[in-house]
Protein chains: 2
Amino acid sequence: MTQKPASSDQPVEILRLDNQLCFALYGAANRMTRLYRPMLDALGLTYPQYLAMLVLWEASPRTVGALGEALDLDSSTLTPLLKRLEAGGLVTRDRDPEDERRVIVSLTDQGRALRDQAVSIPEKLFCALDMPLDAVGALRDRLKVLAK
Amino acid sequence: MTQKPASSDQPVEILRLDNQLCFALYGAANRMTRLYRPMLDALGLTYPQYLAMLVLWEASPRTVGALGEALDLDSSTLTPLLKRLEAGGLVTRDRDPEDERRVIVSLTDQGRALRDQAVSIPEKLFCALDMPLDAVGALRDRLKVLAK
DNA sequence: TGAAATCATATCGCGCACGATTAAATCGTT
DNA sequence: AACGATTTAATCGTGCGCGATATGATTTCA
């Protein structure tokens, strides 16, 4: 009754174990965007748009390629996202006169101004996490190693 | 020259710090699905479909709601996904005669058989990660806590 | 110089995620 | 039995992610 078929017992355990890391990552990422959503709604941003703005707030005129490298995203993902930011008046997109293959993305005044409303988000999120600061840092570093 | 405006210095640091955990999570999750993709292509599964199959391989007849709880996903995500698995001949979807609101998802023989091809994936991925087993476990546990 | 290779971005199609809404079945209370 | 509340799944619209492909600009080098 408590016997299990010998051939399928081991595989099931492996699959179950595997479930853990990749699924934990998947679930945590989903949860994180859900946690951000209400705060970002107030700014009119989605989570990936917020990440793009973070990068631009650090250094404003950037090519699509540079943004893609910073975010680890393809142009097929970024181009429509940037067009939406442009439609929202947060950025401009212009061909680089030096090299017409490139498109330069720049913050508008409105885009720069949005940063002042964004600064409250990190602390709100940190409180919501309810996790010691160094634990957050350690987790972050491990994830960075993972994404090598 | 090296002076920065006092009003914007602190916010920038906070935004940069914040970038780290949430973005590390976001990036690691994207990387993970990219890592799985070639292996899953061989099985004809996407990454979320693979997760759904993992759950079903653990216990086969499950309602849509039970799957959603296990995966932390909504019916609006699961229903189309399950229809694709059904179209692929891996599962069946039938109304529960006991309670017609529920839909029961069951593995087909083909769906059960696919598990044999899936068992090789976890070890391949573990090798690709190049991370000690206990570190993987620790990271997984931290992520689970995060997704509380 | 001019054809070919390379590079930067855009386009298209598919499959998630999820909020909002809808529809149908069941339950609870009277 | 009746009817409002709850439960369960499906539907719809928007916005990612990304593989495959296309387009146009630049560089290479024969």
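All chains are named by letter (A, B, ...) in the order of the sequence lines, taking the proteins before the strands, and each is independently numbered beginning at 1. The analysis underlying the following values was restricted to heavy atoms, covering all of them including side chains, and did not include hydrogens, waters or symmetry mates.
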Any idea how A:Y47 and B:Y26 line up, ring-wise: parallel (<30°), tilted (30 to 60°), or perpendicular (>60°)?
perpendicular
Please verify the inter-ring angle class for B:W57 with B:Y50; under 30° counts as parallel, over 60° as perpendicular, anything in between as tilted.
perpendicular
Send over the distance from A:F23 CZ to C:dA17 P, rounded to a whole Å.
11 Å
Between C:dC14 atom C1' and B:L45 atom CG, what is the distance in whole Å?
15 Å
Tell me whether B:E86 is salt-bridged to B:R93, with the criterion being a basic N under 4.0 Å from an acidic carboxylate O.
yes
Rounded distance in Å - CG (A:N30) to C1' (C:dC18):
10 Å
Treating B:R95 as the side-chain partner and B:E100 as the backbone partner, does any N or O pair qualify as donor plus acceptor under 3.5 Å?
yes
Is any side-chain N or O of B:Y26 closer than 4.0 Å to OP1 or OP2 of D:dG17?
yes
Quick one: label B:L81 by what it contacts on the DNA or RNA (base, sugar-phosphate, nothing), any heavy atom closer than 4.0 Å.
sugar-phosphate
Output the single nucleotide from C:dG19, C:dT9, D:dC18 whose closest atom is nearest the side chain of A:R102.
C:dT9
Would you say CG of A:D130 has more than 12 non-hydrogen atoms from neighbouring residues, nucleotides or ligands within 6.0 angstrom?
no
Any side-chain N or O of A:R95 under 4.0 Å from OP1/OP2 of C:dT9?
no
Which is true for B:R31 with a 4.0 Å heavy-atom rule: it touches a base, it touches only sugar-phosphate, or it touches nothing?
nothing
From the candidates D:dA9, C:dC18, D:dC18, the one with an atom nearest any side-chain atom of B:R37 is D:dC18
Atom CG of B:L67 and atom C1' of D:dT8: how far apart are they, to the nearest Å?
13 Å
5' priority, DNA chain C, between A:T33 and A:R93 [closest heavy atom]
A:R93
Would you say A:K83 reaches C:dT11's phosphate, i.e. side-chain N/O to OP1/OP2 under 4.0 Å?
yes
Contact class for A:L73 (heavy atom, under 4.0 Å): base, sugar-phosphate, or nothing?
sugar-phosphate
Could you report the tightest heavy-atom contact between A:L35 and A:P38, atom names first, then the distance?
O-CD, 3.5 Å
Are A:R34 and C:dG19 close enough that a side-chain N or O sits under 4.0 Å from OP1 or OP2?
no
Given the options A:L56, A:L45, A:L82, A:D109, A:L90 meets side-chain contact (heavy atoms from CB on, under 4.5 Å) only with A:L45
Counting just side-chain N and O atoms, does B:T77 come under 4.0 Å of either OP1 or OP2 of C:dA17?
no
Could you tell me how far apart A:D94 (CG) and C:dA10 (P) are, to the nearest whole angstrom?
11 Å
If you round to the nearest 0.5 Å, how far is CG of A:L67 from OG1 of A:T63?
6.5 Å
Counting only side-chain nitrogens and oxygens, does B:Q49 get under 4.0 Å of the OP1 or OP2 atom of C:dC16?
yes
Take atom CZ of B:R84 and atom C1' of C:dC14, then tell me their distance rounded to the nearest Å.
8 Å
Nucleotide D:dG17, atom P - distance to CE of B:M32 in whole Å
16 Å
Taking only the side-chain nitrogens and oxygens of A:T46, find out if one of them lies under 4.0 Å from OP1 or OP2 of D:dC16.
yes
Write down the distance between CG (B:D72) and C1' (C:dC18), rounded to a whole number of angstrom.
11 Å
Restricting both atoms to N or O, compile the protein contacts to nucleotides 20-28 of chain C shorter than 3.5 Å, with distance only.
residue, atom, partner, partner atom, Å
C:dT26, OP1, B:E100, N, 3.2

